[in-house]
Amino acid sequence: MRTIARLFSAMIFLTITHMSCNNAPNKTEETQAATSSTAAAVTKQDFGQADGKPVSLFTLTNKKGIQVKITNYGGIITSWVVPDKSGGKSSIVLGFDSLSGYLAKPPYFGALVGRYGNRIAKGKFKIGDSSYTLATNNGKNALHGGVKGFDKQVWDAAFTDSVPALTLSYLSKDGEEGYPGNLKVTVVYTLSDDDELGIEYNATTDKPTVVNLTNHSYFNLTGNPSNTILNHVLKIDADAYTPVDASLIPTGVLQPVKGTPFDFTTPTAIGARIAQTGGNPVGYDHNFVLNNKDGSLKLAAVVTDSVSGRKLEVYTTQPGLQFYTGNFLDGSIKTSDGKPINKNAALCLETQHFPDSPNQPAFPSTVLKPGEQYHSITKYKLSVN
Ligand code: GLA
């Protein structure tokens with residue numbers, strides 16, 4: 001499959017995990033505790049409990065003082081505070097101050113999604129002659145890994161200050177949510193000094209299975225979810241997208257975007273044609289077929305907001321990008337300071353393989369076999385003009 005590791009990237013990954021993957025409390029944590037009065041690149045604080053296990057909140061700080069907070073509950077990015085063009089600071093992702101916000105099951109805010117991000121039709125697929133039935137949690141379909149996907153699990157965590165990097169590991173047992181094979185997953189978050197948030201995914205299995213890992217951050221570059229993202233300007237390097245049926249399963253067609261509301265090959269305001277997208281509720285919730293054909297790390301999308309001056313670039317090795325405009329947000333979920341999170345309050349750019357690939361032989365394969373290494377990289381780079 002096209003996500004199998006290239007040697008160079010795998011070496012970087014091994015170096016990072018070697019530095020950080022000790023049993024907790026690891027060397028880095030001890031060092032951290034001993035030197036907590038000095039400026040450190042990663043700090044760890046208590047964030048409550050889930051499934052009877054302690055949950056932590058990690059703060060990654062780069063040399064410029066930019067901070068990303070990530071919890072090992074669901075691998076969730078809870079905040080990413082950055083300056084705007086006037087020097088104000090705010091978080092550009094939707095998130096909560098406390099674990100209780102996440103235990104109330106918001107729609108995947110900031111989370112690591114797996115074992116299969118996006119939908120699998122009717123929760124069924126075959127690998128060879130073996131048929132599998134998954135937990136269904138989205139009408140008749142399986143969505144984002146099932147009833148209790150990776151976004152609701154407590155991951156093992158280790159960190160290193162030097163990068164800074166947070167390594168999260170999770171063993172998804174054979175049969176969990178209906179998926180075959182014990183899947184060992186490792187995700188490494190890094191924050192570079194030029195404000196690039198890297199996410200590197202690795203997985204191995206002991207039985208043939210399907211894997212599609214992504215992060216489900218909701219971005220609002222104004223830093224205020226009371227503003228919609230309809231004035232954000234988006235460019236996606238995709239000449240085609242995958243149209244969907246009423247239950248958001250791809251029809252199998254790779255539809256050229258030219259002449260449609262899905263043409264973001266030149267920068268276009270998100271709200272300009274959103275009313276023409278169809279769907280219920282109306283809005284973008286579609287997989288774009290990236291022009292990245294060789295699986296190398298390439299620029300997939302750029303979002304800008306002229307009010308804050310912020311720009312977000314998305315680089316990925318993945319073949320697809322789910323562009324979602326928060327169509328299901330309806331004000332029922334509130335921010336930590338009590339404001340309703342309404343429709344179009346944020347957008348998601350989920351780097352991934354295509355939805356329902358296990359049932360679509362013409363799509364790039366998501367099958368992972370024993371002896372193979374699942375590997376993908378996504379980087380979100382933030383800058384201010
Ligand atoms: C993804 C899906 C959407 C929706 C959100 C979560 O982006 O494509 O349809 O399910 O997750 O609400």
Side-chain angles (χ1 to χ4, degrees), residues 74-77 93-96 101-102 104-123 134-152 177 199 212-220 225 229 234 236 238 241-251 262 270 274 277-290 300-301 303 314 316 318-334 340-360 363 366 378 380:
I76 293 169
I77 300 169
V93 293
L94 293 189
F96 300 113
Y102 296 103
K105 301 187 184 161
Y108 309 94
F109 286 6
L112 290 181
V113 172
R115 177 179 308 202
Y116 195 97
N118 218 310
R119 291 172 177 79
I120 296 179
K122 300 182 183 133
L134 304 171
T136 50
N137 60 332
N138 189 242
K140 57 190 182 192
N141 300 324
L143 173 69
H144 293 333
V147 176
K148 188 168 181 182
F150 294 3
D151 59 293
K152 297 175 187 72
E177 300 292 318
I199 316 176
N212 192 25
L213 304 175
T214 192
N215 177 277
H216 208 305
S217 285
Y218 285 69
F219 296 97
N220 183 320
I229 44 74
L234 174 67
I236 305 179
Y241 76 105
T242 51
V244 287
D245 68 14
S247 73
L248 299 175
I249 295 293
T251 59
F262 300 90
I270 289 168
I274 197 167
T277 54
N280 181 24
V282 167
Y284 294 96
D285 192 357
H286 296 82
N287 169 66
F288 284 69
V289 180
L290 297 173
V303 197
V314 184
T316 190
Q318 289 278 13
L321 182 77
Q322 183 82 9
F323 169 43
Y324 171 57
T325 43
N327 315 326
F328 293 109
L329 300 172
D330 60 4
S332 55
I333 301 170
K334 310 273 189 293
I341 301 175
N342 293 316
K343 186 176 179 188
N344 306 139
L347 63 94
C348 302
L349 295 165
E350 303 156 61
T351 57
Q352 56 170 16
H353 271 59
F354 305 171
D356 198 34
S357 295
N359 295 307
Q360 305 262 1
F363 289 178
T366 51
T378 291
Y380 293 102

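Since the model is a prediction, treat every value here as computed from it, not as a measurement. Both ligands and their constituent atoms are indexed starting at 1 by order of listing.
Enumerated by chain and number, the residues approaching ligand 1 to less than 4.0 Å through a heavy atom are P107, Y108, R119, L143, H144, H216, Y218, L248, D285, Q322, Y324, F328, E350.
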Check the pair T277, V282 against side chain to side chain contact (heavy atoms under 4.5 Å, CB included), reporting the backbone distance first and the verdict last. CA-CA 6 Å; T277 54; V282 167; 3.7 Å; yes

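Counted by atom type alone, N118 and Q322 present one or more donor-acceptor pairs between their side chains at under 3.5 Å. Donor-acceptor pairing under 3.5 Å is lacking for the side chains of N212 and T366. A donor-acceptor contact closer than 3.5 angstrom is absent between the side chains of N141 and N138.
A centroid separation of less than 6.0 Å is found between the aromatic rings of Y380 and F219.
Shown here are the ring-ring contact (aromatic ring centres under 6.0 Å, His included) partners of Y218, two or more places apart in sequence or in another chain: F109, H216.
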